[in-house]
Amino acid sequence: MGALAMLGQLWPYLLAMGAALAGLWTAYAKGKASQKARQDAADAAARRRAQKIDDAVAGRTPADNRGRLAKWSRS
């Protein structure tokens with residue numbers, strides 16, 4: 001009976017602890033999702049830029065590409 005009486009007195013604190021843990025978990029999950037979205041956007045931008053470079057290089061002859069690369073590396 002003593003444990004039940006103690007639980008009767010402590011339930012508001014236990015409820016508050018549970019709510020605090022739920023709030024922390026929610027904040028963590030939202031932060032993780034936000035970071036993943038930012039990283040996905042950065043990855044997509046990098047892929048677009050790489051594709052533009054690949055498209056530009058693919059349209060020229062290998063000799064032209066080597067000449068441009070040599071010129072670029074000296075600058």
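Please read these numbers as outputs of a predicted model, since none were measured by experiment.
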Checklist entry - Does D54 have any salt bridge (Lys or Arg N to Asp or Glu O under 4.0 Å) partners at least two apart in sequence or in another chain, and if so, which? => result none
Next on the checklist: Please say yes or no: joined through hydrophobic side-chain contacts below 4.5 Å, possibly via intermediate residues, are W11 and L4 part of one cluster?
Outcome noted: no
Next on the checklist: Minimum heavy-atom separation for L14 and L7, please, with both atom names.
Outcome noted: CD1-CD1, 3.6 Å
Checklist outcome for this item: Taken in chain and number order and not counting sequence neighbours, the residues that satisfy side chain to side chain contact (heavy atoms under 4.5 Å, CB included) with A44 are R47, R48
Item to check | Sole residue of R38, K30, K36 in side chain to side chain donor-acceptor pair (under 3.5 Å) with S34 | outcome: R38
Checklist entry - Measuring from L21:CG to T26:OG1, what's the distance to the nearest 0.5 Å? => result 10.5 Å
